[in-house]
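Lettering follows sequence order; numbering is per chain, from 1.
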Protein chains: 2
Amino acid sequence: MKFTLRQLHIFLAVAKYQNISRAAESLHISQSAASEALNNLEKSYNVCLFNRQKNKLSLSPIGQTLRIEGESLWAHCQSFDNRLTNHNEMGHIKVAASFTIGNHLATRYLGGYLNQFPGANVQLETANTPEVIAKVLNYDVDIGMIENEVQEKDLELIPWREDELVVFCAANHPLARKKRLEDKDIREAKWILREPDSGARQTFEKALSNLLPKIQIYLEFKHNEAIKNAVESGLGIGCLSRIVLNKNFANGDLIPLTLPNRDMKRTFYFALPKQRYHLSAVDAWMNTCVETDITDMAKPQDT
Amino acid sequence: MKFTLRQLHIFLAVAKYQNISRAAESLHISQSAASEALNNLEKSYNVCLFNRQKNKLSLSPIGQTLRIEGESLWAHCQSFDNRLTNHNEMGHIKVAASFTIGNHLATRYLGGYLNQFPGANVQLETANTPEVIAKVLNYDVDIGMIENEVQEKDLELIPWREDELVVFCAANHPLARKKRLEDKDIREAKWILREPDSGARQTFEKALSNLLPKIQIYLEFKHNEAIKNAVESGLGIGCLSRIVLNKNFANGDLIPLTLPNRDMKRTFYFALPKQRYHLSAVDAWMNTCVETDITDMAKPQDT
DNA sequence: ATGGCTCTACCGGTATTTCCGATAGTACAA
DNA sequence: TTGTACTATCGGAAATACCGGTAGAGCCAT
């Protein structure tokens, strides 16, 4: 065992920033210390972790794979550190969730989780799907929660619940009286949608792929609330996850519309870095999510 | 991250030997260094790993669980260390197998494994079942291979192949002409068996439990070869795994006897310490074992 | 009891490691 | 060419680890 945890930590930081100076800064040590530690690590194993061409660092192929494994090992160490510091695992965790999930579902999960780990420090960030994935891949968060399947090696997807998009309009919108929308309605409507990177938009486009070129996208927003407000003002019709609309449907502010033969179902996934070890808090978080969903099934939906 | 790998290593050694002096010796450091490192670890986390009563050390409850997790973490570190030293995993591994498995099966697995990892250092030890289990639990070996299910928390059992015991006698033995043994024959025979701790003996006793008090155990040996020789000399009849007898049946030195309605089947298990992480070499070993078995199925059995 | 044995904890001095600031050298862009 | 951003290296200071020696506590046989 010729390496130290300090060297591992520095290696991972440098791999993350691809830059010794930034890495040193993030670790609150001097640039020279970081450089030296990295050199010692490479020298003692006679291995080349980074390509040092033109005064620029980039991970070597070996460094690539060792980074993955090192990240896994570091998580393992942190877990051990946790167990040492507070002998009954506090459950600290960092979660990144897509907007829809983060603002409407994760908040409820949070309650159950904090109930389980009263002292836990849970950091919940919301972002759109690509950003969530980037955070997971860069080990900025312990787990991501996204709304669609995504192709990405180094990422492990675990499905955890079903969802469905619903097309809707304002109560006083002409379409509100129609039970079912025909293709003609779909083509003629003014659509107010999420941005193309969003999970909701992608599911929408898949479900309406044959009509897609003819659809008028009238407005695009990055946030569900903006879309709901715009639709409620009568500017057009929208398409969002049922979970963000339930309350409005109950109030009568917004009216659900049905599209025959269009499959708007989708699956929510946990996104984890594809590595063997992850914090036990991550397991606990996933368990809390599915259990909260199960108990919520029994009660009438809201939120 | 307030601990170092050195502290972890020392903690695990002390936990293993329950004795600082021995642990220090095994690590080739002075007793004072080990003591100091352990104290620093405990002090920096403000945790009590050992009960220090009467100048004797014993693992505290927290120490118990942390030892398990620490051992897992250490294995993870070793794996990482391996990857660093020889960038393509050499597959070093220590295996403990029961006599029957170690002498007749593991030797064949060894070939396939070394083919996969040409530079690997594989240490294969044979011992009886309780000794194998002890070695696994004490982390003296990476994996154990045993012939029977065994009750032991902290041990994970993974079944990997079926086996069957066969009763047999010498070619010139009076029973050799009989196709099937009746209970009378079983009672009157002079049995030559393995010692009670062995897997073969336990399966034997389970299969013949109703007749057990009346069975004459004439001789007991710790090694299969001794039993085969004794039976071949006409001293009595034996009961061993088919895998150690195939060659003798083919030669005609020994004759298989059938016992109607007696279930002599059993399952071979891998025995691992119940911890989350183990060396990837362990996975490779298990894979090699099952694959070797599969390819051997096609060919006629020997050995 | 008493002396010998074994074990852990502590101390002082030494050796090693780690850290920082300063500095040299290299690419690149203005 | 100059300025900026970056990495590698050096010397000295600070922190840490190590060892041998030793004190003190239990245990056991005499």
Gap between atoms NZ and P, on Lys2(A) and dT16(C) respectively (whole Å)
19 Å
Ring centers of Tyr269(B), Trp160(B) separated by less than 6.0 Å
no
I want to confirm an ordering. Mapping Arg22(B) and Gln7(A) to their closest nucleotides on DNA chain C, which one lands closer to the 5' end?
Arg22(B)
Ring centres under 6.0 Å, that's the criterion: do Phe3(A) and Phe11(A) meet it?
no
Expressed in angstrom and rounded to an integer, what is the separation of Leu41(B) atom CG from dT8(C) atom P?
16 Å
Taking dG20(D), dA8(D), dC20(C) as options, the one with an atom nearest any side-chain atom of Glu36(A) is dC20(C)
Could you tell me how far apart Tyr17(A) (OH) and dA5(D) (P) are, to the nearest whole angstrom?
18 Å
Minimum-distance nucleotide to Ser21(B) side chain [options: dT7(D), dT18(C), dC7(C)]:
dC7(C)
With the side chain defined as heavy atoms from C-beta on, Leu57(B) is closest, among dC19(D), dT8(C), dT7(D), to dT8(C)
What nucleotide, of dC6(D), dC20(C), dA8(D), holds the atom closest to the side chain of Ile20(A)?
dA8(D)
Does dA8(D) have its OP1 or OP2 closer than 4.0 Å to a side-chain nitrogen or oxygen of Ser35(A)?
yes
Side-chain-base donor-acceptor pair under 3.5 Å for Gln31(A) and dA8(D)
yes
How many whole angstroms separate atom CG of Leu38(B) from atom C1' of dA9(C)?
11 Å
Tell me whether the side-chain N/O atoms of Asn19(B) come closer than 4.0 Å to OP1 or OP2 in dT8(C).
yes
Which nucleotide sits closest to the side chain of Ser32(B): dA17(D), dT18(C), dG21(D)?
dG21(D)
Flag yes if more than 12 heavy atoms outside Arg22(A) fall under 6.0 Å of its CZ atom; otherwise flag no.
no
Nearest-angstrom distance from the residue atom CZ of Arg52(A) to P of dA27(C):
15 Å
Round to a whole Å and report the spacing from NZ of Lys43(B) to C1' of dT8(C).
14 Å
Nearest to the side chain of Asn39(A), which nucleotide is it out of dC10(C), dT7(D), dA8(D)?
dA8(D)
If you check every side-chain atom of Ile29(B), which of dT18(C), dT7(D), dC19(D) has the closest atom?
dC19(D)
Is any side-chain N of the basic residue among Glu220(B) and Arg194(B) closer than 4.0 Å to the acidic one's carboxylate O?
no
In whole angstroms, how far is the C1' atom of dC20(C) from the CG atom of Leu27(A)?
15 Å
Distance check needed: dT7(D) P versus Leu49(A) CG, whole Å only.
15 Å
Do Glu195(B) and Arg201(B) sit within salt-bridge range, that is, some charged N less than 4.0 Å from a carboxylate O?
no
